[in-house]
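Have a look at the structure below before the remarks.
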Amino acid sequence: MRQDDEQYEFGIFQLANDVLIGTINLFQVCCGSLQSAFIGYFLDQKYHGKGYTTEAVKLMTAFAFSDLKLHRIEAEVMPHNLASIRVLEKAGFHKEGIARKNVKIEEKWEDHQVLALINPHD
């Protein structure tokens, strides 16, 4: 991984017709002793529940571990967003705890469930 790489963004496409249906990214990519990043994603609502996001997360983490040689990928999700938590769990992420008043959303500090995946080859 190059030292100045901080973010990677990719589209999520429906293969049948090559339509862009979402995005996925790695951000706050850290080199050195951390070798970590955060993962985020968005999928058009009409494609929810069809496995696209889970597959994209699996592909992104494989890229992060194989190509970028990262050690840890972390995600933070609002605790009531059970669908997103399930996506991450199906991709192998484990719950680590709650980050209290972690992100300011619409002028209110919100808690987030912290989930992480460690490179299985480390």
Side-chain angles (χ1 to χ4, degrees):
M1 175 168 53
R2 296 187 329 237
Q3 287 293 76
D4 59 350
D5 291 346
E6 293 180 3
Q7 184 162 316
Y8 296 84
E9 298 181 34
F10 297 95
I12 301 172
F13 291 86
Q14 187 178 35
L15 291 180
N17 55 15
D18 204 31
V19 170
L20 178 66
I21 60 173
T23 59
I24 188 165
N25 61 49
L26 286 176
F27 59 98
Q28 293 182 10
V29 177
C30 295
C31 302
S33 60
L34 286 179
Q35 297 178 354
S36 66
F38 287 89
I39 191 168
Y41 43 82
F42 168 80
L43 190 72
D44 185 315
Q45 189 172 356
K46 66 183 172 185
Y47 297 99
H48 286 190
K50 296 181 167 85
Y52 293 111
T53 310
T54 300
E55 183 65 21
V57 169
K58 288 178 180 179
L59 289 169
M60 182 63 97
T61 57
F63 166 73
F65 293 149
S66 301
D67 296 350
L68 303 180
K69 307 296 186 216
L70 296 180
H71 169 70
R72 173 186 170 89
I73 308 297
E74 187 171 314
E76 296 180 350
V77 181
M78 293 181 77
H80 67 269
N81 189 345
L82 300 179
S84 190
I85 290 171
R86 184 70 185 125
V87 162
L88 293 162
E89 289 176 334
K90 288 193 296 187
F93 283 69
H94 63 275
K95 290 180 180 177
E96 293 193 325
I98 298 290
R100 302 279 177 214
K101 298 186 182 220
N102 190 47
V103 178
K104 196 172 195 177
I105 300 172
E106 297 181 6
E107 300 304 316
K108 182 181 176 198
W109 288 101
E110 299 284 353
D111 296 347
H112 279 71
Q113 174 70 57
V114 177
L115 297 98
L117 182 64
I118 305 298
N119 188 333
H121 305 293
D122 284 350

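Computation of the quantities below employed the complete heavy-atom set of this structure, encompassing side-chain atoms and omitting hydrogens, waters and symmetry-equivalent molecules.
Taking hydrophobic clusters as Ile, Leu, Val, Met, Phe, Trp and Tyr residues chained together by side-chain heavy-atom distances below 4.5 Å, Leu34 does not share a cluster with Leu68. No continuous path of ILVMFWY side-chain contacts below 4.5 Å connects Met60 to Val114, so the two sit in separate hydrophobic clusters. Phe38 and Leu26 are members of different hydrophobic clusters when ILVMFWY side chains are connected at heavy-atom separations under 4.5 Å.
With values rounded to the nearest 0.5 angstrom, Gln14 atom CD is found 5.5 Å from Ile21 atom CD1. Atom NZ of Lys50 is separated from atom OH of Tyr47 by 8.0 Å, given to the nearest 0.5 angstrom. With values rounded to the nearest 0.5 angstrom, Thr23 atom OG1 is found 11.0 Å from Asp44 atom CG. Atom NE2 in His112 sits 5.5 Å away from atom CE in Met78 (nearest 0.5 Å).
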ask   = So Phe42 and Thr53, side chain to side chain contact (heavy atoms under 4.5 Å, CB included) or not? Walk me through it.
value = CA-CA 8 Å; Phe42 168 80; Thr53 310; over 6 Å; no
request  = May I have the step-by-step check of side chain to side chain contact (heavy atoms under 4.5 Å, CB included) for Lys101 and Asp111, ending in yes or no?
outcome  = CA-CA 5 Å; Lys101 298 186 182 220; Asp111 296 347; 4.0 Å; yes
message = Before you tell me yes or no, could you show the steps for Glu76 and Asn102 under side chain to side chain donor-acceptor pair (under 3.5 Å), namely the whole-Å CA-CA distance, both residues' side-chain angles and the distance that decides it to 0.1 Å?
response = CA-CA 9 Å; Glu76 296 180 350; Asn102 190 47; 2.5 Å; yes
request  = Give the intermediate values and the outcome of side chain to side chain contact (heavy atoms under 4.5 Å, CB included) for residues Ile39 and Ile24.
outcome  = CA-CA 7 Å; Ile39 191 168; Ile24 188 165; 4.0 Å; yes
query = Could you go step by step and tell me if Glu9 and Gln7 meet the side chain to side chain contact (heavy atoms under 4.5 Å, CB included) rule?
reply = CA-CA 7 Å; Glu9 298 181 34; Gln7 184 162 316; 2.4 Å; yes
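No side-chain donor-acceptor contact under 3.5 Å links His71 and Asn119.
In summary, of the residues considered (Val87, Ile85, Val57), a side-chain contact (heavy atoms from CB on, under 4.5 Å) with Phe93 occurs for Val57 alone.
Leu70 and Cys30 make their closest contact through CD2-O, 4.1 Å (heavy atoms, listed as atom of the first residue, atom of the second, distance). In terms of heavy-atom proximity, Leu117 sits nearest to Gly92 at CD1-O, 3.2 Å. Shortest non-hydrogen contact noted between Leu88 and Ala75 is CD1-CB, 3.6 Å. Leu20 approaches Gly11 most closely through the heavy-atom pair CD1-CA, 3.6 Å.
Side chain of Tyr41 to main chain of Ser84: a donor-acceptor pair is present (N/O by atom type, distance under 3.5 Å, no hydrogens or angles). Without hydrogens or angle criteria, Gln113 side chain to Gly97 main chain gives a donor-acceptor distance under 3.5 Å.
The existence of a salt bridge linking Glu96 and Arg72 is confirmed by a sub-4.0 Å separation between a basic side-chain nitrogen and an acidic carboxylate oxygen.
Between Ser36 and Ile73, the closest side-chain pair of non-hydrogen atoms is not below 4.5 Å.
Within a 6.0 Å sphere centred on NZ of Lys90, heavy atoms belonging to other residues, nucleotides or ligands number more than 12. Environment of CG in Leu15: sparse, with no more than 12 heavy atoms of neighbouring residues, nucleotides or ligands closer than 6.0 Å.
For Phe63 and Tyr8, the ring centers are positioned less than 6.0 Å apart.
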